[in-house]
2 protein chains.
Amino acid sequence: MKPSKKQHSYTYPFPKADNTVDIVVFGLRDATLEVLLVRRRDDPYKGQWALPGGFVNMDETLEQAAQRELREETSAEVSHLEQLYTFGDPGRDPRGRVISVVYMALVRSPEIATKAGDDAVETRWFPVENIQIGTLAFDHDKILDLALTRLRSKARWQPLGVGLLPEEGFTLSELQTVYESILGRPLDKRNFRRKVLSFGLLYLTRQTRHPKEGGHQARVYKFDQGRLTREGIDFEV
Amino acid sequence: MKPSKKQHSYTYPFPKADNTVDIVVFGLRDATLEVLLVRRRDDPYKGQWALPGGFVNMDETLEQAAQRELREETSAEVSHLEQLYTFGDPGRDPRGRVISVVYMALVRSPEIATKAGDDAVETRWFPVENIQIGTLAFDHDKILDLALTRLRSKARWQPLGVGLLPEEGFTLSELQTVYESILGRPLDKRNFRRKVLSFGLLYLTRQTRHPKEGGHQARVYKFDQGRLTREGIDFEV
DNA sequence: GCAAAAGTGTTACTCGTACACCCATGT
DNA sequence: ACATGGGTGTACGAGTAACACTTTTGC
């Protein structure tokens with residue numbers, strides 16, 4: 001139980017699994033839903049794309065580990081992480097027993113700069129629709145699939161969008177585009193407006209905005225931050 | 001990364017966390033929802049009640065570990081386990097870093113005989129309503145609370161009851177009692193019947209049953225096992 | 001005969017969904 | 001003028017929730 005430290009090694013009476021975190025970072029760029037992947041520098045699965053992630057340190061929470069790994073492999077932090085599931089089948093990693101707690105996040109793609117980290121030669125955004133099943137390392141196909149299902153089912157119940165849209169305000173059309181991108185299908189404009197306004201989490205500002213080219217002026221809304229925090233609404237993912 | 005085995009000890013270049021599973025076993029006895037707890041034999045929290053659980057072996061899946069621990073501390077297996085959440089804050093276990101994957105199950109209490117296992121002097125069922133917050137070991141209060149929330153929210157969407165009611169058949173009143181026990185509130189008889197029958201997962205047998213004392217004969221239903229498995233419905237928890 | 005349990009329909013409300021037109025503006 | 005995008009209301013169906021009385025039977 002107690003590790004006996006002798007010259008940079010730790011000895012235990014029983015073998016122990018490794019604990020990792022993996023993060024499914026969904027990103028939105030224009031109107032496409034993307035996911036952040038890293039290309040593995042080393043074996044196993046050298047050269048293949050995988051979810052960002054890495055080992056959990058002894059003195060950090062699982063969520064902190066996820067944030068740190070993300071910071072190491074990208075450059076930014078995400079404002080909110082949600083635990084998705086824990087994968088721990090023996091054999092899911094050829095190197096040995098690895099138990100991975102998977103988190104997910106939702107961000108604006110362009111704000112997360114990609115950079116190569118320790119385990120990765122390259123970090124890149126991929127539109128989720130373009131990812132062929134069977135191409136990701138480890139069991140990451142399965143993980144991505146679960147994350148996508150969860151994200152979409154959450155989108156049906158919970159408002160999402162804080163953090164995806166500018167603090168300064170946004171139009172309902174912009175918010176609708178966010179939802180359509182996540183759900184991967186078009187939504188009815190009138191129904192969407194009714195529903196999202198009925199949550200009572202948006203307020204109307206006095207500003208309006210002109211569309212890029214032609215068209216009516218759009219009213220600008222903001223999230224009612226007070227109500228969001230008061231009601232403890234998890235608006236992020 | 002690779003453990004070097006020398007005289008019953010395992011040495012790694014970095015410290016490693018312990019991996020455990022804990023199981024929230026909900027049980028139904030008559031009309032009360034219970035949870036299975038074990039009294040700890042050893043420190044920390046010696047003498048206090050805790051969720052059953054234990055260490056994950058290297059060659060078993062997380063779910064198999066949960067089943068094994070349950071078998072060791074009770075005597076029966078449960079037919080279905082569902083992963084709930086993974087708790088891994090440093091400091092949640094005073095002995096060191098312990099990452100625990102929590103599963104939940106739902107059974108008939110009387111069918112799970114309780115016995116003392118390795119880590120427990122005693123194993124007992126407790127009605128969930130009687131458990132005072134702050135009395136369980138570790139962060140198990142928080143875990144139980146989350147499990148209860150999840151169970152109840154599942155009950156609102158999914159049919160539950162297979163495994164809780166006798167194979168030979170049951171009356172709709174009995175099924176209703178199951179739901180009421182889980183949800184902790186009374187349900188309208190007519191609405192309940194309409195809804196549960198609309199799932200199309202029950203079929204009517206020719207048998208009837210007499211209530212214990214006075215009252216109309218009740219018709220006996222069975223689950224349509226064919227449809228359950230065909231539609232892959234997770235009827236258990 | 002009375003207590004106990006089974007069984008049975010209707011109404012109102014909420015929510016989701018489908019659907020079409022006019023308005024303001026930039027080019 | 002026309003193309004582009006913003007904004008609005010209604011009707012139908014599904015599901016949920018509330019509500020009371022009659023029937024059978026054991027005691």
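All chains are named by letter (A, B, ...) in the order of the sequence lines, taking the proteins before the strands, and each is independently numbered beginning at 1.
In terms of the side-chain contact (heavy atoms from CB on, under 4.5 Å) criterion, residue partners of A:Val220 (sequence neighbours excluded) are, by chain and number, A:Thr205, A:Gln207, A:Arg209. For B:Arg68, the salt bridge (charged side-chain N to carboxylate O under 4.0 Å, His left out) partners at least two apart in sequence or on another chain are B:Glu60, B:Glu72.
In this entry the distance linking CZ of A:Phe199 with P of C:dC15 reads 11 Å, nearest Å. Across the protein-nucleic acid pair, A:Phe170 atom CZ and D:dG5 atom P stand 20 Å apart, rounded to whole Å. Across the protein-nucleic acid pair, A:Arg219 atom CZ and C:dA24 atom C1' stand 12 Å apart, rounded to whole Å. If you take CG of B:Leu197 and C1' of C:dG9, they are 15 Å apart, rounded to a whole angstrom. Computed from coordinates, the A:Leu175 CG to D:dG6 P distance equals 12 Å when rounded to whole Å. Atom pair B:His210:NE2 and C:dA5:P shows a separation of 15 Å (rounding to whole Å applied). Distance B:Arg209 CZ to C:dG7 P: 11 Å, rounded to the nearest Å. Across the protein-nucleic acid pair, A:Leu172 atom CG and D:dG6 atom P stand 9 Å apart, rounded to whole Å.
Once rounded to the nearest 0.5 Å, the distance linking CG of A:Leu84 with CD1 of A:Ile143 reads 8.0 Å.
Of the candidates D:dT8, C:dT8, C:dA6, the closest approach to any side-chain atom of B:Arg190 belongs to C:dT8. Closest to the A:Ala218 side chain, of the nucleotides C:dT25, C:dC23, D:dG7, is D:dG7. Of the candidate nucleotides C:dT8, C:dA6, C:dT25, C:dT25 has the atom lying nearest to any side-chain atom of A:Gln217.
With DNA chain D read from its 5' end, the first of the two nearest nucleotides for A:Asp188 and B:Asp188 is the one closest to A:Asp188. Residues A:His216 and A:Asn191 both approach DNA chain C. Their nearest nucleotides, taken by heavy-atom distance, put A:Asn191 toward the 5′ side. If you find the closest nucleotide of DNA chain C to A:Glu213 and to A:Lys189, the one lying nearer the 5' end belongs to A:Lys189.
One donor-acceptor pair, N or O on each side, does fall under 3.5 Å between the base of D:dT10 and the side chain of A:Arg194. The base of C:dA4 lies outside donor-acceptor range of the side chain of B:Lys212, with no N or O pair under 3.5 Å.
Nucleic acid contact class of B:Lys195 (heavy atoms, under 4.0 Å, all strands): sugar-phosphate only.
Cation-pi check for A:Arg124 over A:Phe126 is met; the charged atom lies under 6.0 angstrom from the ring centroid and within 45 degrees of its normal.
In this structure, the ring of B:Tyr221 has its center no less than 6.0 angstrom from the ring center of B:Phe170.
Regarding contacts with the backbone of D:dG6, a side-chain N or O of A:Ser173 is found under 4.0 angstrom from either OP1 or OP2.
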